[in-house]
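Since the structure comes first, as structure tokens, the remarks are kept for the end.
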Amino acid sequence: MMDVVVIGGGPAGMTAALRAGDLGAKTVLVTRDEFGGMAANDGPVPVRTLAHAARLLRDARNLDRYGIIAGEPMLDYKRLLGRVREVVQEVRAHSTFSAQLKDAGVVVNEQCGVARFTDAHTIETKSGLRLRSDKFVICTGGVSRRLSVPGAELTVTHSDAWGLTEVPSSMIVIGGGATGAQVASVFNAFGSRIMLFHSGARIVPTEDEEVSAAVSAAFRDSGIEVRENFGVVDSFEKTVDGVRMLFSKDGGREQAEATFAVVAIGWAANTACLNLDRASVETDARQFVRVDEFLRTSTPHVFAAGDVTGRMMLVPQAIQQGFVAATNAVRGATMRVLEGAAPIGSFTDPEYAQVGLTETQARAAGDVVVAKVCLDSTTRTIIDGRTSGFCKLIVDRETRQILGCHVVGERAVELTQVAAVAMAGRMRVDDLAQVPLSFPTYAGVLGRVAAKAARRLNLQLDWQAGELEGQ
Ligand SMILES: Cc1cc2nc3c(=O)[nH]c(=O)nc-3n(C[C@H](O)[C@H](O)[C@H](O)COP(=O)(O)OP(=O)(O)OC[C@H]3O[C@@H](n4cnc5c(N)ncnc54)[C@H](O)[C@@H]3O)c2cc1C
């Protein structure tokens, strides 16, 4: 009998197993495929590598602006995929998790196929492993949602898109959320003709409205055909060299054709194979495992962490939840998941990122001041020729604390990390304005936008770091 069995070897599962082992519990980790989960094998690491290649292509096309004479860059997609594999392996090899798990005495079983409950204290894996345990932590992540319309089997998901052996001449992307926007941006840079269909009024809908508008405009400028409010998909048909999507809106029928149709309409929980009913573990309507504030499921000795809970589906949150779930599994339910500044960003071109409340959310919640600086007026972006986009700061009028930061443009994701640290440290906006951030840097825009907000609040600054604002 084990103390803790962790199911799933992604960021949540690895952390949960390590924490349980560190706390002295007899722990086993079982995972269907390779160690690392989606983060290492199918999500951020490979995607970021492709996005980096897209960025290099863009930069190579701009070399002549800086007097560097080079020919038109050409993409060898097979070699790029080789590089992606290399990166994935290198990241995995340098992950300290394997060694740490070994040191903590955790037994790791990779490539065991799906695990399923046979009763509330027993699981069996496809490979034939049978484990009984006092506690369980479910960390099986999520899967891409699929459309259920005729011909849906002709569509692919982001995973298939990364696995293509050559760049398709055209691509329909259905869904303008983070994953769809990423697929569209990367393959647009690689030369595919992209049609991005989004059912709602604005793409990247969880971002600030101004961010959505800016990303949408930039996508259109770069040649992506963006169709917001496109209607509903009726069906797909095979064509000689690809696929046809039939869709309708307000009684009218339309169609679009491309080499591939990629569906990126969201994320569902990966719980179908787990036989959760055998352990009386409840799920919600989208099959995400229901958990309380201690990440305890409806069966008190079974916990869940990461994407499978349907909360914020990101690596840092999966890691944090894995830690909390394992702590509670071993020590009893005492630790809650931290709520705090959580930066989110995407490596599209242009990048966009956020932390905290959007302007609409903040205005609905109270009295705020909003300041914005456009990147066509900051020194570093001018030097680098990356002048599109903006940085927006939302500040509470009374406490002067930063409630939100939203950025579109070069290095947006890195920039919001700085804002997140300021928010986590509960800095007042006038304090941020007086930090001597280096010049000329991308992060320097934060000092400038903070100074702008401080001035709107009639706050006296002893001095203002970095670039001057409002001269
Ligand atoms: C295209 C894309 C880009 C992304 N980019 C980012 C990003 O830039 N930054 C970021 O923070 N996040 C990003 N994410 C999200 C991130 O990858 C996930 O939030 C994270 O991987 C969740 O970790 P997890 O441990 O919960 O699940 P996963 O990483 O999905 O791991 C689940 C594990 O469970 C195993 N498993 C599943 N079912 C079973 C079973 N029945 N039995 C045994 N094992 C099982 C799987 O093999 C896998 O190892 C991205 C996701 C996608 C799809």
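Indexing begins at 1, ligand by ligand and atom by atom, following the structure's order.
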Between D33, V413, I138, flag the one that comes closest to atom 47 (O) of ligand 1 by a heavy atom.
D33
Please list the nearest protein heavy atom to atom 53 (C) of ligand 1 with its residue and the distance rounded to 0.1 Å.
H158 NE2, 3.4 Å
What protein heavy atom lies closest to atom 23 (O) of ligand 1? Include the residue and the distance to one decimal.
P11 CD, 3.4 Å
Side chains of L415 and V445, heavy atoms from C-beta outward: is any pair under 4.5 Å?
yes
Any salt bridge between D59 and R386, counting N to O under 4.0 Å?
yes
When you look for heavy atoms under 4.0 Å from ligand 1, do you find them on the side chain of L274, its backbone, both, or neither?
side chain
Using side chain to side chain contact (heavy atoms under 4.5 Å, CB included), reason through C139 and V308 one step at a time and then give a plain yes or no.
CA-CA 6 Å; C139 306; V308 78; 5.7 Å; no
Enumerated ligand 1 atoms positioned under 4.0 Å from heavy atoms of C139:
32 (C), 33 (C), 34 (O)
Closest approach of any protein heavy atom to atom 39 (C) of ligand 1, naming residue and atom
T140 CG2, 3.4 Å
Heavy atom under 4.0 Å from ligand 1: found in I7's side chain, backbone, both, or neither?
side chain
Could you find the nearest protein heavy atom to atom 6 (C) of ligand 1 and give me its residue, atom name and distance?
P44 CG, 3.3 Å
Protein heavy-atom partner closest to atom 44 (N) of ligand 1 - residue, atom, separation in Å:
R32 N, 3.0 Å
Between R58 and E410, does at least one N-O distance fall below 4.0 Å, as a salt bridge requires?
yes
Element-labelled atoms of ligand 1 that are located less than 4.0 Å from some non-hydrogen atom of G9:
33 (C), 34 (O), 49 (O)
Mark up the atoms of ligand 1 that fall under 4.0 Å of a heavy atom belonging to L314, in ascending order.
10 (C), 11 (O), 12 (N), 19 (O)
Would you mind checking if E210 and K372 are paired as a salt bridge, meaning a charged N to carboxylate O distance below 4.0 Å?
yes
The closest protein heavy-atom partner of atom 15 (C) of ligand 1 is M313 O, 3.6 Å
Looking only at non-hydrogen atoms, which of A12, A115, C273 approaches atom 41 (N) of ligand 1 most closely?
A115
Ring-plane angle category for W267 and H158, please: parallel below 30°, perpendicular beyond 60°, tilted otherwise.
tilted
What residue and atom, counting heavy atoms only, is the protein's closest point to atom 35 (C) of ligand 1, and at what distance?
T31 OG1, 3.6 Å
Heavy atom to atom 52 (C) of ligand 1, shortest distance: which of G43, A264, P46, S144 holds it?
G43
Please determine whether a side-chain nitrogen of the Lys or Arg among E257 and R193 lies less than 4.0 Å from a carboxylate oxygen of the Asp or Glu.
no
Would you mind running through ligand 1 and noting each atom that sits below 4.0 Å from a heavy atom of V47?
1 (C)
Less than 4.0 Å between a side-chain N and a carboxylate O, is that true for E351 and R411?
no
Identify, for atom 37 (C) of ligand 1, the protein heavy atom at the shortest distance, and state residue, atom and that distance.
N270 ND2, 3.2 Å
Taking only heavy atoms of G10, which atoms of ligand 1 are found under 4.0 Å from at least one of them?
25 (O), 29 (O), 31 (O), 33 (C), 49 (O)
H52 atom NE2: more than 12 heavy-atom contacts under 6.0 Å:
no
Would you check if S133 and L131 make a side-chain contact, meaning some heavy-atom pair closer than 4.5 Å?
no
Cationic N near anionic O, under 4.0 Å, K135 to D3
no
Do R380 and D384 meet the salt-bridge criterion of a basic N to acidic O distance under 4.0 Å?
yes
Checking the side chain of S298 only, and the main-chain atoms of E282 only, is there a donor and an acceptor separated by less than 3.5 Å?
yes
Within ligand 1, which atoms have a heavy atom of V315 less than 4.0 Å away?
10 (C), 11 (O), 12 (N), 16 (C), 19 (O)
Residue portion contacting ligand 1 (non-hydrogen atoms closer than 4.0 Å) for V114
both
Counting each atom of ligand 1 from 1 as listed, which ones have a heavy atom of F347 under 4.0 Å away?
8 (O)
Side chain or backbone of W267 under 4.0 Å from ligand 1, or both, or neither, by non-hydrogen atoms?
side chain
Distance under 6.0 Å and angle within 45° of ring axis: R227 vs F197:
no
Distance filter under 4.0 Å to P316 heavy atoms, resulting ligand 1 atoms:
11 (O)
